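Whatever order the structure lists ligands and atoms in, that order sets their numbers, starting from 1. Values reported hereafter were calculated over all heavy atoms of this structure, with side chains retained and with hydrogens, waters and symmetry mates removed. Model, not experiment: these values are computed from the prediction.
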Amino acid sequence: MTKSHIHNKKLIAWVNKMVRMCEPDEIVWIDGSNEQRKKLEEEAITGGELIPLNQAKLPDCFLHRTSIDDVARTEHLTFICTKRKRDAGPNNNWMPPGLAYRKAKAIFKGAMRARTMYVIPFSMGPVGSPFSKIGVELTDSCYVVLNMLIMTRAGEPVLRQLEENGEFTKCLHSKAQLDINKRLILHFPQDNTIWSVGSGYGGNVLLGKKCLSLRIASYLARREHWLAEHMLIMGIEEPNGQIKYIVAAFPSACGKTNLAMLVPPEGLKKKGYRIWTVGDDIAWMRIDSDGTLWAINPESGFFGVVPGTNSKTNPNMVETIKKNTIYTNVLLKPDGTLWWEGADGEAPPTGGVDWRGQPWVPGAVDALGKPILGAHPNSRFTVSITNCPSASFRLEQHHGVPISAIVFGGRRAHLAPLVYESFGWQHGVFVGATMASELTAAQVGKIGQVRRDPMAMLPFCGYNMADYFRHWLDMGRRMTKRPQIFHVNWFRTDAQGKFLWPGFGENLRVLEWILDRCNNKAEAVVKTPVGYIPRASDIDMTGLELPSGTLKKLLAIDKKEWFEELKGIKAFFKQFKKDLPQELWQEYEDLKSRLESNE
Ligand code: GTP
Ligand code: SPV
Ligand code: MN
C-alpha cells in the first residue's frame with residue numbers, strides 16, 4: 001500500500017505530525033494481506049521479538065517474551081485525561097490533558113529512531129457495521145502489529161471505510177525504552193486519542209482492546225446511548241433448537257474465556273444443549289428498534305490466560321491454540337513445543353526455558369524456597385476466534401445477537417452464593433455496581449485481596465463511575481424488554497479453602513436455571529434478602545456427584561457476612577459523594593431492611 005492511496009486528509013496530517021515527533025526511519029502501512037503478515041513474522045524472528053515454535057506440532061505458532069517488569073496491565077500508570085477531574089471520577093487516575101501530552105511527548109520524542117513505524121488501520125466490529133468503530137494505531141512493535149492482525153479487522157478494507165473524512169480513534173504506541181519509570185497509558189476521550197509508551201504488554205499496547213473498546217468506547221457509549229462492557233457473549237442452544245444469547249461480566253482472569261466456550265457435561269449434552277461462542281472479553285450493546293438489547297463483539301480474536309488451560313478445563317481452547325497462535329511468556333520445551341502450569345501432561349523432566357528466558361527444571365525454587373514458575377501466571381495466547389470449534393456463525397453479522405440475560409460475577413471465597421437473580425433492572429444495576437472480587441495476576445497488585453470492581457469495569461470505565469451507574473439506570477428505562485440480571489460465583493470455598501463447585505463445563509447447570517428463569521420455566525424459586533435463588537432440586541445434577549450438603553452450602557446466604565458487606569458497599573458508594581444516583585442508595589437501604597427483617 002502506498003501513501004498515495006490514502007485519501008483521508010486528517011489521517012495523513014496526524015501520521016505526519018506523529019512521525020515528526022517519534023522520528024522513525026521508515027513507515028509501513030499495514031494492508032492486512034497474508035504476504036505482508038508473513039514478511040513481518042520473518043522480521044520479528046530476525047529482530048528477536050518472536051521465537052518460531054515446532055512447526056510440525058504447532059503450525060504457524062510463535063513465542064514472545066516481554067520484559068520481566070512488563071507482564072500485566074499497570075493500572076497505576078493508566079490515566080484518563082479530561083479537562084475536569086470530576087469527569088474522570090474517583091475510580092480513575094487523572095491528569096489534565098496539557099500536562100499528560102507534555103509528559104508523554106518527552107518520552108515519545110525521537111523514540112522511533114532506527115525503528116519502523118507501522119500504521120495499522122483497524123475496525124472494532126465487522127467492517128462497515130453501523131455499530132463498529134475505526135481506529136488507527138501507530139506502533140514501533142512488530143509484535144503489536146501481528147497481534148492486532150488477529151485481535152481486530154485490520155488493513156485496507158478499513159481505509160476504504162474511512163474514505164476522505166471518516167472519524168477514527170488516534171492511537172499512538174511506542175515501546176520506547178520499555179522502562180517502567182517512563183511508562184504511561186493515556187486516554188484523551190475528548191480528543192478521541194490514546195497514547196501508550198514504555199510498555200510491550202498486551203493490555204497496555206493492543207490499543208483496540210481495553211483502551212479503545214472499553215475506556216474510549218464507554219465514554220462514547222454514554223453520549224450515544226449504548227453500552228461498552230467487559231463481558232463475554234455466548235449463545236446457548238436449548239434442547240428445542242432455539243439459541244439464547246447471554247452476556248457475562250467477570251473481572252480479569254475470573255472465567256469469561258472459559259465460560260464463553262464451555263463444553264456441556266454429558267447429561268446436558270444428551271438433553272440437546274450446545275454452546276456458540278461470540279466473544280470472550282468485550283461486548284458492545286445497543287437497544288434495537290424492537291426495544292430489546294443486542295450485542296456485538298468488537299474483537300476478532302482471543303487474548304486469553306494460558307495457565308490452567310487443558311483438555312479438562314477448556315477442551316475447545318486446547319483445540320483453538322494448536323495453530324496460528326502467538327504465545328506470550330510461557331515455558332519453551334527443548335523440542336520447540338510449550339508447557340505451562342496446569343497444561344495437559346507433565347512438566348518436561350529435563351526442563352526448558354522459562355518465561356524469563358532462563359533455564360528451568362521442574363521443582364525449581366528461588367532463594368527463599370518459593371517455586372519458580374515455568375509460565376507467568378498472566379501468560380497469554382493470541383488467536384483468531386475462527387480457530388475455535390464453538391465459534392458462532394453470527395460473528396460477522398452487522399446486527400449482532402439479541403441478549404436474554406446479563407450475568408455478573410466475581411471471585412469470592414465467601415458471601416456470594418452460586419447464583420442469584422435480581423428483583424429487576426434497578427436492583428440488577430445495584431448488584432453489578434457492588435460487585436467485588438479477589439485480585440488476580442491480570443493486574444499488577446496484591447493477589448487475593450478483595451476489591452470492589454463494579455460490572456468488572458473498575459480498570460476500564462473511561463469516565464466517572466457515578467455517571468456510568470446513572471447511564472445503566474437510564475438504559476433500563478429506554479428498553480421495553482429488558483434482559484434479566486443475575487449474579488454467579490464459581491469460587492466459593494470450604495473451610496479448607498477448596499472450591500465447593502467444580503466449575504468450567506459444569507457451570508452450564510447454572511446457566512440452564514438462568515435460562516429457565518428467563519423462559520418463565522423455573523417458577524418455584526426461593527426469595528432471599530439478596531435475590532431469588534434456585535431450590536437445590538432446580539439445578540440439574542445428572543452425572544455430577546457432589547458430597548451431600550454441598551449444593552446447600554453453595555446456595556446459603558450468611559446474614560452476618562452480608563451485614564459486613566453492607567459496610568463495604570457504603571464506604572464504596574460514599575466516595576462518589578452526591579454524584580451517586582439516589583436509586584442506588586435506595587437499593588442499599590432496601591437490601592439492609594430486607595436483611596434486618598426476617599424474610
Ligand atoms: P481476562 O482475559 O483477564 O479478562 O480473563 P477471563 O475472565 O477471560 O478469565 P479466564 O476464563 O481466562 O479464567 C482465568 C482463570 O480462572 C484460569 O486460571 C481458569 O482456570 C480459572 N477459571 C475459569 N473458570 C473457572 C471455574 O468455573 N472455576 C474455577 N475454579 N476456576 C475457573
Ligand atoms: C484483562 O486483563 O482483563 C484482559 C487482558 O483481558 S488485557 O488485554 O491485558 O487487559
Ligand atoms: Mn479482560
Response to the item:
A student comparing K256, K209, R73, E75 should find that the heavy atom closest to atom 8 (O) of ligand 2 comes from K209

Item to complete: Examine G255 against ligand 1 and note whether any of their N/O atoms are separated by less than 3.5 Å.
Response: yes

Worksheet item: So which protein heavy atom does atom 2 (O) of ligand 1 come closest to, and at what separation?
Response: R380 NH1, 2.8 Å

Worksheet entry | No-hydrogen, no-angle side-chain donor-acceptor test under 3.5 Å, T313 and N310 | yes

Item to complete: Around atom 1 (C) of ligand 2, find the nearest protein heavy atom and jot down its residue, atom name and distance.
Response: K210 NZ, 2.9 Å

Fill in: Of E137, K133, R153, the residue whose pairing with F122 passes side-chain contact (heavy atoms from CB on, under 4.5 Å)
E137

Item to complete: Have a look at Y201, F460, F302, F250 and point out the one with the heavy atom closest to atom 9 (O) of ligand 2.
Response: Y201

Discussion item. Can you tell me which N/O/S atom of D281 has the shortest distance to the Mn ion (ligand 3)?
Written reply: OD1

Worksheet entry | Structural part of N507 in contact with ligand 1, heavy atom criterion under 4.0 angstrom | side chain

Worksheet item: Would the W360 and W339 ring centres measure less than 6.0 Å apart?
Response: yes

Worksheet item: Near S252, which atoms of ligand 2 are under 4.0 Å from a heavy atom of that residue?
Response: 1 (C), 2 (O), 3 (O)

Worksheet item: Do the charged groups of K175 and E49 touch, with an N to O distance under 4.0 Å?
Response: yes

Discussion item. Under 4.0 Å from a heavy atom of D281: which atoms of ligand 2 are those, numbered in the order shown and with their elements?
Written reply: 6 (O)

Worksheet item: Non-hydrogen atoms of P251 versus ligand 1: any pair closer than 4.0 Å?
Response: yes

Fill in: Heteroatom proximity flag, A253 to ligand 1, N/O under 3.5 Å
yes

Worksheet, complete the sentence: If we number the atoms of ligand 2 from 1 as shown, the ones under 4.0 Å from a heavy atom of H230 are 3 (O)

Fill in: Pair S196, N204: side-chain N/O donor-acceptor within cut-off below 3.5 Å
no

Worksheet item: Got more than 12 heavy atoms from elsewhere within 6.0 Å of CD, E561?
Response: yes

Discussion item. As an exercise, identify every atom of ligand 1 less than 4.0 angstrom from a heavy atom of H230.
Written reply: 4 (O)

Worksheet item: Has K210 got its NZ or CZ under 6.0 Å from the middle of the six-membered ring of F460, at an angle within 45 degrees of the ring axis?
Response: yes

Worksheet item: For ligand 1, is C254 a contact, meaning one of its heavy atoms is under 4.0 Å away?
Response: yes

Item to complete: Mark up the atoms of ligand 1 that fall under 4.0 Å of a heavy atom belonging to V305, in ascending order.
Response: 12 (O)

Discussion item. Checking Y201 against T74: is there a side-chain donor and acceptor pair closer than 3.5 Å?
Written reply: no

Discussion item. With no hydrogens and no angle check, just 3.5 Å: does a side-chain donor-acceptor pair link T66 and N329?
Written reply: yes

Worksheet item: So, S390 and T277: side-chain donor and acceptor under 3.5 Å apart, yes or no?
Response: yes

Worksheet entry | Exercise: do S67 and D69 side chains pair donor with acceptor under 3.5 Å | no

Worksheet item: Does ligand 1 have a heavy atom under 4.0 Å from the side chain of P307, from its backbone, from both, or from neither?
Response: backbone

Worksheet item: Judged by non-hydrogen atoms, does E506 sit under 4.0 Å from ligand 1?
Response: no

Discussion item. Please work out, at 4.0 Å between heavy atoms, whether the side chain, the backbone, both, or neither of F491 comes within that distance of ligand 1.
Written reply: side chain

Practice prompt. Select one of side chain, backbone, both or neither to describe which atoms of S252 lie under 4.0 Å from any atom of ligand 1, heavy atoms only.
Written response: both

Response to the item:
Contact region, L232 to ligand 1, non-hydrogen atoms below 4.0 Å, reads neither

Worksheet item: Regarding T169 and N192, is there a side-chain donor-to-acceptor distance under 3.5 Å anywhere?
Response: yes

Practice prompt. Check whether any N or O atom of K210, backbone or side chain, sits under 3.5 Å from an N or O atom of ligand 1, and answer yes or no.
Written response: no

Item to complete: List every atom of ligand 1 that sits less than 4.0 Å from any heavy atom of D281, numbering the atoms from 1 in the order shown and giving each element.
Response: 4 (O)

Discussion item. As an exercise, identify every atom of ligand 2 less than 4.0 angstrom from a heavy atom of F303.
Written reply: 8 (O), 9 (O)

Practice prompt. Validate the cation-pi geometry between R411 and F250: distance from NZ or CZ to the six-membered ring centre under 6.0 Å, angle to the ring axis within 45°.
Written response: no

Worksheet item: If you measure only the distance, is there a donor-acceptor pair under 3.5 Å linking the side chains of E506 and W501?
Response: no

Discussion item. Just to confirm my output: which protein heavy-atom neighbour is closest to atom 7 (S) of ligand 2, and how far is it?
Written reply: G203 CA, 3.6 Å

Fill in: Aromatic ring proximity, centroids under 6.0 angstrom, F486 and Y420
no

Discussion item. Could you work out, for atom 4 (O) of ligand 1, the closest of R411, K256, M261 by heavy-atom distance?
Written reply: K256

Discussion item. Strictly below 4.0 Å, N to O, side chains only: are R451 and E75 in salt-bridge contact?
Written reply: yes

Worksheet item: How far is atom 19 (C) of ligand 1 from its nearest protein heavy atom, and which residue and atom name does that atom have?
Response: N258 ND2, 3.8 Å

Worksheet item: If you measure every N/O of T257 against every N/O of ligand 1, is any gap under 3.5 Å?
Response: yes

Item to complete: Using a cut-off of strictly less than 2.8 Å, determine whether I282 has an N/O/S atom near the Mn ion (ligand 3).
Response: no

Practice prompt. Output yes when K244 and E238 qualify as a salt bridge under the 4.0 Å nitrogen-oxygen rule, no when they do not.
Written response: yes

Worksheet item: Could an N or O of ligand 1 be found under 3.5 Å from any N or O of F504, whether backbone or side chain?
Response: yes

Discussion item. Distance under 4.0 Å to a non-hydrogen atom of G503: what atoms of ligand 1 satisfy this?
Written reply: 26 (C), 27 (O), 28 (N)

